[in-house]
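Below is one structure, written out as C-alpha cells; the observations come after it.
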Amino acid sequence: MLGLLITAPTLVWQAVNGWPQLAMAEVVSGENALIYGNPLVVALHGLAVTGPLTLGLAICGLAALRGDRRWREHRFLGAAFLVLLVVIVLSSGRHYYQLPAYSVLLSIGAVALQHRRTARRARAAWPVVALSAVLAVGGLASSVVLAAPTFADPMVSATARAFRNLPPEQRDRTALVANPYVHATYLDAAAPSLGLPPARGTNRAYGWFPPPPEHQDRMLLVGDPERFRPWFTEIRPITTIQAATPLGTYGGLVPETTTIWMLSGRNSPWADIWPTLRDLILTPGR
C-alpha cells in the first residue's frame, strides 16, 4: 500500500500523458539490441559494473538468506532481487537498472560475513578488496577520458556566439532549442554562466517540459531542422560544429557533427507545435 501511494503521482502523470514510460521501454530495448545484440549480454554487463567486492557481498547476502535461519523473515528480499533481474533481462532494460537493489544484499552479506568472522570461520577478504580498489581507480581514470567535453565545449561556445550575434531586439524573441536531449543538457548546464536562455527540446523528457513562451516566434536550433520545417517559413544555417569525441551520441568512438540553424516565420502556436514533435528515439544532430 505504501509503495502504491508513493508511485501514485507518477502513475497519474503517466496515464494523463499517454504512458511515455512504456514507449521509452521499447526504445531502450531497441537500443540494447543495437549495442549488445542479446539481453543476456546486458545482464552480464550489469554484473560486471558492480565490481568484485559488491558482487561478492551480494552473493554472500543471497547465500545467507537461503541458508541461515536468522534471515528467514527476510528471504523475500532475495526472491525480489532475482525476480527483478529476470524482469530486466526479459524486458531488455538498461544494465544499471538492478544496481539500487544491491544495497540490501550488501548489508545482509556484510552482516553474514561478520557472523562468520565472529565464529572464526571467515577467511581474509583483502585480495577481493584490493582488486575492487584497483578496478575502481581504473574506472575513475577512464571515465575522465571518456567523458571529456571535447564536443560539448565547442558546441556550447558556438551556440553562445550565435545567440550573442543576434540583434538585441531579436534575442528576447528567439527560443533556444537543441536536439537530441544530450545537446540540450549541455546548453542547460552552461546557460547561466554564458547568459543564454534555458535550452528546450523535443527529444525524450525535454519534450514533456513546457514549450517556449508564445512571444518567442523565432528559434535558434542546435540539431536537425527537418521536423520543424512545416512550422517555419524560413530556415537558414548559422554554423557547423565538428569535433572528435570519445563518446559519440550512441556511446561509440565517433566524431560529432551538428549545425546551428535560425528558424523564423513561425506559423502556429507553440502549444500546437510541441506535442507533435515529441520523440524518444536518440538521433544525432546534423
Do Leu77 and Val83 belong together in a cluster built from hydrophobic side chains that touch within less than 4.5 Å?
no
Are any non-hydrogen side-chain atoms of Trp208 and Pro275 less than 4.5 angstrom apart?
no
Closest non-hydrogen contact found for Asn32 with Ser92 is ND2-O, 2.7 Å
Determine yes or no for a side-chain-to-main-chain donor-acceptor pair under 3.5 angstrom, with Arg236 supplying the side chain and Met262 the backbone.
no
Quick one: pull up OG1 in Thr7 and CD in Gln14 and give me the separation to the nearest 0.5 Å.
11.0 Å
For Glu214, I'd like to know if atom CD has over 12 heavy atoms of other residues, nucleotides or ligands within 6.0 Å.
yes
Taking every heavy atom of Phe232 against every heavy atom of Ile235, the minimum-distance pair comes out as CB-CG1, 4.5 Å
Salt bridge (Lys or Arg N to Asp or Glu O under 4.0 Å) for Glu234 and Arg229? Distances and angles first, verdict last.
CA-CA 8 Å; Glu234 182 181 355; Arg229 287 190 183 277; over 6 Å; no
Going by heavy atoms in the side chains, are Leu47 and Leu55 under 4.5 Å from each other?
yes
Exceeds 12 heavy-atom contacts within 6.0 angstrom, atom CZ of Arg227
yes
Please confirm whether the backbone N or O of Ile273 pairs with a side-chain atom of Thr276, one donor and one acceptor, at under 3.5 Å?
yes
Looking at Asp172, is its backbone amide N or carbonyl O close enough to the side chain of His215 to form a donor-acceptor pair, meaning the two atoms are under 3.5 Å apart?
yes
Please determine whether residues Leu44 and Val89 belong to a single hydrophobic cluster, defined as Ile, Leu, Val, Met, Phe, Trp and Tyr linked transitively by side-chain heavy-atom distances below 4.5 Å.
no
Is it true that Leu40 and Leu99 fall in one hydrophobic cluster, defined by side-chain heavy atoms closer than 4.5 Å?
no
Tyr181 and Asp188: side-chain donor and acceptor closer than 3.5 Å?
no
Tracing side-chain links under 4.5 Å among I, L, V, M, F, W and Y, which residues wind up in one group with Leu22?
Leu4, Leu11, Trp19
Backbone N/O of Arg161 and side chain of Asn165: donor-acceptor pair under 3.5 Å
yes
For the pair Glu31 and Arg204, find out whether any cationic side-chain nitrogen is under 4.0 Å from an anionic carboxylate oxygen.
yes
What distance do Ile238 atom CD1 and Leu263 atom CG have between them, rounded to the nearest 0.5 Å?
9.5 Å
With a 4.5 Å limit on heavy-atom distance, are the side chains of Phe81 and Val104 in contact?
no
For the pair Ser29 (side chain) and Ala25 (backbone), establish whether a donor and an acceptor sit closer than 3.5 Å, ignoring hydrogens and angles.
no
Determine the minimum heavy-atom distance between Pro197 and Phe163, stating which atoms define it.
CD-CZ, 3.6 Å
Judged by atom type as modelled, is there a donor-acceptor pair below 3.5 Å linking the side chain of Asn179 to the main-chain atoms of Gly201?
no
Nearest-0.5 Å distance that lies between atom OG in Ser107 and atom OH in Tyr102
14.5 Å
Check Arg173 with Asp217, please: is the shortest side-chain N to carboxylate O separation under 4.0 Å?
yes
Contact check, side chains of Thr54 and Leu106, non-hydrogen atoms, under 4.5 Å
yes
Gap separating the CZ atom of Arg70 from the CG atom of Leu65, nearest 0.5 angstrom
12.0 Å
Mind checking the CZ-CG spacing from Arg164 to Leu194? Nearest 0.5 Å is all I need.
6.5 Å
Residue pair Leu277, Trp231: steps toward the side chain to side chain contact (heavy atoms under 4.5 Å, CB included) verdict:
CA-CA 11 Å; Leu277 297 178; Trp231 311 103; 3.9 Å; yes
Can a side-chain donor-acceptor contact be found between Asn267 and Thr233 if the only test is distance below 3.5 angstrom?
no
Between Leu105 and Leu57, does the side chain to side chain contact (heavy atoms under 4.5 Å, CB included) criterion hold? Intermediate values first, please.
CA-CA 7 Å; Leu105 296 184; Leu57 284 174; over 6 Å; no
Give a yes or no on whether the backbone of Leu166 and the side-chain of Arg171 come within a donor-acceptor separation of less than 3.5 Å.
yes
Has Trp270 got a side-chain atom pairing as donor or acceptor with Gln216's backbone, closer than 3.5 angstrom?
yes
Enter the distance from His183:NE2 to Ile241:CD1 here, rounded to the nearest 0.5 Å.
8.5 Å
Measure the shortest side-chain to side-chain distance between Tyr206 and Thr185 over non-hydrogen atoms and say whether it is less than 4.5 angstrom.
yes
Single-linkage hydrophobic cluster Leu90~Met24, side-chain heavy atoms < 4.5 angstrom
no
With side chain to side chain contact (heavy atoms under 4.5 Å, CB included) as the criterion, how do Val177 and Phe228 come out once you've worked through the C-alpha distance, each side chain's angles and the decisive distance to 0.1 Å?
CA-CA 11 Å; Val177 179; Phe228 293 91; 4.3 Å; yes
Between Arg200 (side chain only) and Pro210 (backbone N and O only), is there a donor and an acceptor less than 3.5 Å apart?
yes
In short, Leu280 meets Pro20 closest at the heavy-atom pair CD1-O, 3.8 Å
Evaluate the criterion side chain to side chain contact (heavy atoms under 4.5 Å, CB included) for residue pair Val49 and Tyr96; output intermediate values, then yes/no.
CA-CA 8 Å; Val49 298; Tyr96 49 79; 5.8 Å; no
Cluster overlap Tyr36 with Leu85, hydrophobic side-chain contacts below 4.5 Å:
no
Within the structure provided, determine whether Asn17 and Trp13 are in side-chain contact (heavy-atom separation under 4.5 Å).
yes
Thr240 side chain reached by Thr258 side chain, heavy atoms, under 4.5 Å
no
Closest non-hydrogen atoms of Leu84 and Gln98, given as atom of the first, atom of the second and distance, are CG-OE1, 3.4 Å
Does some side-chain heavy atom of Ile260 sit less than 4.5 Å from a side-chain heavy atom of Met155?
no
Describe, in one word, how the ring planes of Trp71 and His74 are oriented to each other, choosing from parallel (under 30°), tilted (30 to 60°) and perpendicular (over 60°).
perpendicular
Has Arg218 got a side-chain atom pairing as donor or acceptor with Ser264's backbone, closer than 3.5 angstrom?
no
Heavy-atom closest pair, residues Leu220 and Thr174:
N-CG2, 3.6 Å
